[in-house]
Amino acid sequence: MSLEIIAELSRLYGADEAFVLAGGGNTSFKDEKFLYIKPSGISLANITPEQFVKLDRSIVRQSFDLAAIGECDERERRIGALLSYAAIAPAGARPSVESPLHELLPYKFVVHTHPMLVNAMTCGKEGKNIAAKLFPEAMWMDYCDPGLTLAVEFKKVVEAFGKAPKVAFLGNHGVFVAADSQEEIKALYADIMDKLAAFVTAQGISLEENAAPCHMETVFENAPVLRGLLGKVATVTAGGAFKAPEGPLTPDHIVYAGSFPLTAELPDASAVEAFKAAHGTMPKVVEIPGKVVFGVGADKNTASRSLKLAENGAQIVRIAAAFGGVRYLNDAERSFIENWEAENYRASVGGNSKALKGKVAVVTGGAQGFGLGIAQYLAAQGADVVIADMNVEGAKAAAATLGPNCSGMAVNVSDEESVAALTREIVKVYGGADILVANAGVVRAGSVKSFEMKDWKFVTDVNYIGYFLCCKHFAALMARQNAVSGLWTDIVQVNSKSGLVGSKNNGAYAGSKFGSIGLTQSFALELVADKVKVNSICPGNFFDGPLWSDPVKGLFVQYLNSGKVPGATSTADVKKHYESLIPMHRGCTPQDVAKAICYVVEQQYETGQAVPVTGGQVMLS
């Protein structure tokens, strides 16, 4: 039952960004023999009872015998080995390096978090003195390197304090709250937050301040360039026009947002190189003063996390004015965190080396059918996928199933302003794009002798003009990005076998697809100078998708009604007829097409091609 309680407490505070950002903090429960603690790499917000690492307390206590080791790195290596030895279950779990500190507190439950209000005080120059007045029963410990060093120093402070505290504030590092019941943990946290809020507001400082919105023209001009400058794979996410913290505040800020921002009116190559020379690393936060702050990461999730920590840091700096002004960590303090293997491990959890990792892929018409299947495949290959569709709610719902790095956005590909707005939104969230899959398409079947002009125009507007508009706006975006990255990007149109051979009673569709291959070849010749490859994939029939199988508007119904298949009396007859035309005797799948898309993206010596994926039904001559 106690493990269920600590898991519940963990999720309660871990899911609340007022207490925990970026997965920081840890929790534990102990009985007479064992310490159960949150492992590294597991989020408090989602932890379950069985995920806590079970440690032998007698072995954890032996860690204090390592305090005499002089070299900090050797101490930390030995404590890591000892904790791994103490771990009983689950297999392979990595115990938190703060386990010895949790062992020191003689209470059943310990909840360590980093609330913004608490950090405003613990990062304040007068925070220690103010804490003594607001919380006379609480202990204060000046900032100390995490790990065994922290536990050893904490033990000394506890002994000097004269009793084991239930509340312990750590300089620049949040608060530990310990008690023997769930109710008391909650009451202690509520008391802390209420008193801090009252104190700050009494100083005339607002608890919340909304940053000015970002300057979108500045974002659109600079984000693709930054994305190209900051690495072969980098995502740049734009936030408001706030003042980024000027230095390191807490371990979480250092790990996820970097110790320092790159601040420049023009964050060009020289500014990036100067930052790298000064700090030995690329920036995780870039500020264009008064215009925008960017978070930088390997994907949308990490870039958003960098931005969120920068926003949090800005709030801490502002509210720390109530505590005598902010105290940034000094060079020695930040250097330890920057090079601490345990924190680097925590920052890297969840990474992968999949083929499209770090790539931003946009799939138009991706909310369902062929487009959704393509989006799913690209996401599985590691891409950050933007599903763009007129059905924006469907696009968002589909993207949510693909993971935190994926997004759903609105677009009508036949409307130029809608396409332009899509590129602006993508630049704001991702900084740019590497792959455009121009998949949006429609079909209207019928005889040329009776085909309605409005239907002909509808097919042409979406399939032909829509492709042109997407190429126009994404090519311009990609060209700016590629000019500084030196990398190639890709536009891949999902065409059709009907773009390679004529299609009876389907002239509007076939004409739009034939014409689109002409666009592919023409754009490829032009855009090669911008390192943009342009190719078309020509699938066979996707019988299982709504385009064919929709019981009201599907092609099986349309072709049956138009008499395209002589002798057919049902949609099953129509399907059987089309399967018989394919040497491999099956329809095309989204995976078949997605693999071809990945081929032309990976292939650096192909542009202007129309690649058939038809099961042998249509072959290039």
Side-chain angles (χ1 to χ4, degrees), residues 216-217 219-225 227-228 359-366 371 374 385-390 392 395 407 409-442 457-485 487-496 499 511-538 597 600-601 606-610:
M216 276 305 299
E217 184 177 340
V219 173
F220 201 71
E221 183 66 28
N222 288 275
V225 175
R227 188 163 188 262
K359 300 283 189 182
V360 176
V362 182
V363 182
T364 65
I374 292 168
V385 177
V386 177
I387 295 178
D389 203 288
M390 289 184 68
V392 64
S407 303
M409 299 183 185
V411 72
N412 175 356
V413 297
S414 64
D415 182 314
E416 182 162 15
E417 178 49 41
S418 179
V419 176
L422 172 65
T423 61
R424 289 194 293 270
E425 183 66 14
I426 288 170
V427 168
K428 183 178 180 181
V429 177
Y430 294 91
D434 304 291
I435 304 166
L436 167 66
V437 180
N439 167 75
V442 294
K457 187 175 185 303
F458 172 64
V459 172
T460 304
D461 283 350
V462 175
N463 295 0
Y464 183 76
I465 294 176
Y467 178 40
F468 152 67
L469 290 175
C470 287
C471 286
K472 173 182 176 179
H473 288 276
F474 278 90
L477 170 61
M478 290 175 172
R480 288 165 49 221
Q481 177 180 301
N482 299 349
V484 290
S485 72
L487 302 175
W488 288 84
T489 51
D490 288 87
I491 294 174
V492 186
Q493 185 222 15
V494 178
N495 197 281
S496 169
S512 69
K513 294 300 185 178
F514 265 81
S516 295
I517 289 178
L519 296 183
T520 291
Q521 294 178 357
S522 301
F523 296 159
L525 292 171
E526 176 186 351
L527 297 177
V528 70
D530 297 315
K531 290 186 173 292
V532 179
K533 296 189 278 113
V534 187
N535 291 285
S536 290
I537 305 299
C538 300
I597 291 170
V600 296
V601 168
E606 291 288 356
T607 192
Q609 303 302 313

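Being a predicted model, the structure only gives us computed values, none of them experimental. Scope of the values below: all heavy atoms of this structure, side chains included, with no hydrogens, waters or symmetry mates.
Listed here is the closest heavy atom pair of Ser496 and Cys538: O-CB, 3.3 Å. In terms of heavy atoms, Tyr430 sits closest to Val385 at OH-O, 4.1 Å. The two atoms that bring Gly371 and Val363 nearest to each other are O-CG1, 3.6 Å, heavy atoms only. In terms of heavy atoms, Ala440 sits closest to Thr364 at N-OG1, 3.0 Å. Contact between Ala433 and Leu477 at its shortest, heavy atoms only, is N-CD2, 4.4 Å. Looking at every heavy atom in both residues, Val462 comes nearest to Gly441 through CG1-CA, 3.9 Å.
In Met390, the CE atom is not crowded: 12 or fewer heavy atoms of neighbouring residues, nucleotides or ligands sit closer than 6.0 Å. In the displayed structure, Glu606 atom CD is contacted under 6.0 Å by more than 12 heavy atoms of other residues, nucleotides or ligands.
Considering only heavy atoms from C-beta on, Val601 stays 4.5 Å or farther from Lys359 through its side chain. Between Tyr467 and Val413, the closest side-chain pair of non-hydrogen atoms is not below 4.5 Å.
With hydrogens and angles disregarded, a donor-acceptor distance shorter than 3.5 Å links the side chain of Asp415 to the backbone of Ser418. Put simply, the side chain of Arg480 never gets that close to the backbone of Gly432: no donor and acceptor are under 3.5 Å apart. Remark: side-chain polar atoms of Thr489 are not paired, donor with acceptor, to backbone N or O of Ile435 under 3.5 angstrom. One N or O on the side chain of Thr423 and one on the backbone of Ala420 form a donor-acceptor pair closer than 3.5 Å. Side-chain atoms of Asn535 do not come within 3.5 Å of backbone N or O of Val600 as any donor-acceptor pair. No donor-acceptor pair closer than 3.5 Å links the side chain of Asn439 to the backbone N or O of Val494.
Between the side chains of Ser516 and Asn495, no donor-acceptor pair of N or O atoms lies under 3.5 Å. A donor-acceptor pair shorter than 3.5 Å can be found between the side chains of Ser512 and Asn463.
Summarising the geometry, atom CG belonging to Asp434 is positioned 14.5 Å from atom CH2 belonging to Trp488; distances are rounded to the nearest 0.5 Å. Rounding to the nearest 0.5 Å gives a distance of 13.5 Å between OH of Tyr464 and CZ of Phe514. Residue Ile491 holds its CD1 atom at 4.5 Å from SG of Cys471, rounded to the nearest 0.5 Å. If you take CG on Leu436 and NE2 on His473, they are separated by 12.0 Å, rounding to the nearest 0.5 Å. Interatomic distance, Leu422 CG to Leu469 CG, rounded to the nearest 0.5 Å: 12.0 Å. The CZ atom of Phe468 sits 8.5 Å away from atom CG of Leu519, with the distance rounded to the nearest 0.5 Å.
Taking Ser536 as the reference, Gln493, Thr520 meet the side-chain hydrogen bond (donor to acceptor under 3.5 Å, both in side chains) condition, with sequence neighbours excluded. Every residue two or more places apart in sequence or in another chain that forms a salt bridge (Lys or Arg N to Asp or Glu O under 4.0 Å) with Asp461 is listed here: Lys457. Looking at residues two or more places apart in sequence or on another chain, you find no side-chain hydrogen bond (donor to acceptor under 3.5 Å, both in side chains) involving Thr460.
Within the structure, the salt bridge (charged side-chain N to carboxylate O under 4.0 Å, His left out) test picks out the following pairs touching residues 467-479 (sequence neighbours left out): Glu416-Lys472. Listed by first and then second residue, the salt bridge (charged side-chain N to carboxylate O under 4.0 Å, His left out) pairs involving residues 419-429 are Glu417-Arg424 (not counting sequence neighbours). Sorted by first and then second residue, the salt bridge (charged side-chain N to carboxylate O under 4.0 Å, His left out) pairs with a member in residues 512-528 form an empty list; sequence neighbours excluded.
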Output, in order, the C-alpha distance, side-chain angles, deciding distance and verdict of side-chain contact (heavy atoms from CB on, under 4.5 Å) for Met478 and Asp530. CA-CA 8 Å; Met478 290 175 172; Asp530 297 315; over 6 Å; no
Taking it one step at a time, do Ile597 and Val437 satisfy side-chain contact (heavy atoms from CB on, under 4.5 Å)? CA-CA 8 Å; Ile597 291 170; Val437 180; 3.9 Å; yes
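Taking a cutoff of 4.0 Å between a charged side-chain nitrogen and a carboxylate oxygen, Asp490 and Lys531 do not qualify as a salt bridge.
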